[in-house]
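Atoms within each ligand, like the ligands themselves, are counted from 1 in listed order.
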Amino acid sequence: MSILLTGGTGYIGSHVAVAVAQLGHEIVLYDNLSNSDEAVVTQIAQIIGRPLTFIRGDIRDTQLLQLTLRAHGVAVVVHLAGLKAVGESLVSPLDYYGNNVQGTISLMQAMKAEGVRKIVFSSSATVYGQPKYLPLDEAHSLSATSPYGRSKIHIEELLRDVAVSDPSWSIACLRYFNPAGAHDTFLMGDNPKGTPNNLMPFIAQVAMGKRARLEVFGDDFETEDGTGLRDYIHIMDLAEGHAAALEFLGSSQGWHAINLGTGQPYSVLQMIRSFESVSGAAVPFEISARRPGDVAACYANANKAKSVLGWAAKRNLREICESTWRFQQTLAQRLK
Ligand code: NAD
Ligand code: UDP
């Protein structure tokens with residue numbers, strides 16, 4: 001089967017590409033490189049042991065998408081392309097709605113025109129907003145505290161409307177919790193352009209000495225140690241969740257929302273301690289003010305993924321920290 005990955009050279013897309021290619025599928029990566037590097041295409045090819053197609057393009061370019069779907073006989077799309085920085089979305093909401101929502105409309109139009117009716121969409125646990133109960137299951141109400149979060153809700157809703165309008169569509173919205181870690185060759189991992197927004201790449205850069213210290217955003221939350229609780233999921237578990245979702249779409253129709261998380265929360269301080277213990281490096285930090293919009297705790301009820309996809313996360317926090325650390329060291333070697 002031929003599978004198009006929008007945002008395929010990004011952090012999550014590159015790991016999904018490996019997991020899916022290793023099942024024997026043909027992979028077409030489609031990305032405008034606004035937040036990734038073309039070099040990742042070579043790394044994926046090295047890991048899977050064969051070349052793959054990369055198209056530099058924007059998801060708002062409906063015509064190029066149509067040509068790509070047709071030329072490669074694409075059967076399913078995994079749609080990961082999007083802007084993802086919460087703070088930036090507050091400053092530039094039009095860029096976020098334009099890129100994420102308009103981009104998805106353009107992709108769906110191209111798919112409709114070319115008769116492609118199966119899509120896996122990268123949604124986020126951010127669609128649950130301030131949790132009313134924990135752990136979060138898929139029946140929890142949706143709300144958002146940022147244009148980024150709202151763009152994900154809008155996209156989920158538009159995808160559901162499309163599925164209702166035409167029952168031949170099969171759509172899975174995968175609500176990711178906190179992806180972290182790297183591939184076990186340590187050739188690929190989270191290597192954001194500019195200052196990392198997420199905790200793990202920030203911790204890793206501090207441990208490597210690239211940054212002086214981590215700011216811990218608040219120690220006065222209603223959690224055991226006062227810092228935020230999140231559900232960190234190993235990137236290869238997340239990637240394998242996509243492979244399971246692709247199989248599921250082969251035999252199901254309609255719209256489905258499914259959490260991809262572990263159900264096990266860790267605090268910011270626990271993450272720092274775990275990283276220090278695995279790496280042997282110090283992670284200096286200071287407590288600063290809460291980040292606007294941050295919730296105290298966010299973790300998954302992962303039962304639906306188990307029952308519907310037959311998938312559950314297998315890797316632990318140690319493996320997340322270890323792969324992140326080894327990836328950072330490999331990266332430093334490569335840049336020498
Ligand atoms: P990423 O920035 O590494 O990857 C996204 C990719 O999309 C990048 O390579 C970027 O160049 C590309 N892109 C952006 N706009 C595009 C456009 N208009 N046309 C073509 N390509 C475009 O981010 P990621 O962490 O790999 O996230 C992938 C998806 O998962 C995003 O949709 C994100 O919102 C979602 N998500 C990520 C997280 C997380 O913590 N990383 C959590 C929940 C959901
Ligand atoms: N965090 C932090 N310092 C940072 C980045 C994140 O203390 O530099 C905290 C953040 O407040 C949250 C947790 O780490 O409690 C995870 O943040 P991230 O941005 O990675 O994920 P999200 O908040 O989107 O779940």
- Whether R175 lies under 4.0 Å from ligand 1, heavy atom: no

- Looking only at protein heavy atoms, what sits closest to atom 19 (N) of ligand 1 is I59 N, 3.0 Å

- Could you find the nearest protein heavy atom to atom 3 (N) of ligand 2 and give me its residue, atom name and distance? E215 O, 2.7 Å

- Contact region, D294 to ligand 2, non-hydrogen atoms below 4.0 Å, reads side chain

- Query: When only distance counts, is V268 in polar contact with ligand 2, meaning an N/O pair under 3.5 Å?
  - Reply: no

- Task: Report the part of T227 in contact with ligand 2, treating N, CA, C, O as backbone and CB onward as side chain, heavy atoms under 4.0 Å; options are side chain, backbone, both, neither.
- Result: neither

- Might you point out which heavy atoms bring S288 and F217 nearest each other, and give the distance in Å? OG-CD2, 3.6 Å

- Item | Basic-acidic side-chain contact under 4.0 Å: K112, D166 | no

- Test F327 against every option in T185, I235, D190, N191 by the side chain to side chain contact (heavy atoms under 4.5 Å, CB included) rule and name the one that passes. N191

- Query: Counting from 1, what ligand 1 atoms have a heavy atom of S36 closer than 4.0 Å?
  - Reply: 8 (C), 9 (O), 11 (O)

- Return the option from S34, G103, S122 holding the heavy atom at the smallest distance from atom 14 (C) of ligand 1. S34

- Message: As a check for students: among Y148, F121, Y11, identify the option with a heavy atom nearest to atom 34 (O) of ligand 1.
- Response: Y148

- Message: Distance under 4.0 Å to a non-hydrogen atom of P179: what atoms of ligand 1 satisfy this?
- Response: 39 (C), 40 (O), 42 (C)

- Y96 and H154: ring-ring contact (aromatic ring centres under 6.0 Å, His included), yes or no, with the steps? CA-CA 12 Å; Y96 272 68; H154 290 332; over 10 Å; no

- Item | Nearest-neighbour protein heavy atom for atom 13 (N) of ligand 1, which is reported as residue plus atom name and distance | N32 OD1, 3.5 Å

- Note on the structure: Under 4.0 Å between heavy atoms, the region of N178 that gets near ligand 2 turns out to be side chain

- Between the side chain of T6 and the main-chain N/O of L80, is any donor-acceptor distance below 3.5 Å? yes

- Would you kindly specify which portion of P192 sits under 4.0 Å from ligand 1, judged on non-hydrogen atoms: side chain, backbone, both or neither? neither

- Min over Y299, F217, Y266 of heavy-atom distance to atom 1 (N) of ligand 2 lands on F217

- Query: Going by distance only, is there an N or O of K84 that falls short of 3.5 Å from an N or O of ligand 1?
  - Reply: yes

- Task: Examine G7 against ligand 1 and note whether any of their N/O atoms are separated by less than 3.5 Å.
- Result: no

- Query: Quick one: are K314 and E240 in side-chain contact, heavy atoms under 4.5 Å?
  - Reply: yes

- Query: Nearest non-hydrogen atom to atom 31 (C) of ligand 1 belongs to which of L33, L174, L80, T104?
  - Reply: L80

- Just go through I12, L238, T9 and tell me whose heavy atom is the nearest to atom 27 (O) of ligand 1. I12

- Could you tell me the residue and atom name of the protein heavy atom closest to atom 1 (P) of ligand 1, and the distance to it rounded to 0.1 Å? N35 ND2, 3.9 Å

- For atom 12 (C) of ligand 1, the closest protein heavy atom turns out to be D31 OD1, 3.3 Å

- Query: When you measure from atom 4 (O) of ligand 1 to every protein heavy atom, which one gives the shortest distance, and what is it?
  - Reply: G10 CA, 3.4 Å

- Of the side chain and backbone of Y232, name the one, both, or neither that has a heavy atom under 4.0 Å from an atom of ligand 2. side chain

- Query: Could an N or O of ligand 1 be found under 3.5 Å from any N or O of L83, whether backbone or side chain?
  - Reply: no

- Query: Do the charged groups of R175 and E156 touch, with an N to O distance under 4.0 Å?
  - Reply: yes

- Identity and distance of the protein heavy atom lying nearest atom 20 (O) of ligand 2: L199 N, 2.9 Å

- Query: Where's the contact between R291 and ligand 2, heavy-atom distance under 4.0 Å: side chain, backbone, both or neither?
  - Reply: side chain

- Item | Contact (N/O only, under 3.5 Å) between D58 and ligand 1 | yes

- Query: So, D31 side chain and T9 main chain: donor-acceptor pair closer than 3.5 Å or not?
  - Reply: yes

- Item | Polar contact flag for F202 and ligand 2 (N/O pairs, less than 3.5 Å) | no

- Relative to the heavy atoms of G57, which atoms of ligand 1 are at a distance of less than 4.0 Å? 19 (N), 20 (C)

- S123 N/O under 3.5 Å from ligand 1 N/O: no

- Item | Residue among Y176, F248, W311 satisfying ring-ring contact (aromatic ring centres under 6.0 Å, His included) with H242 | Y176

- What is the closest protein heavy atom to atom 15 (N) of ligand 1, and at what distance does it sit? N99 ND2, 3.0 Å

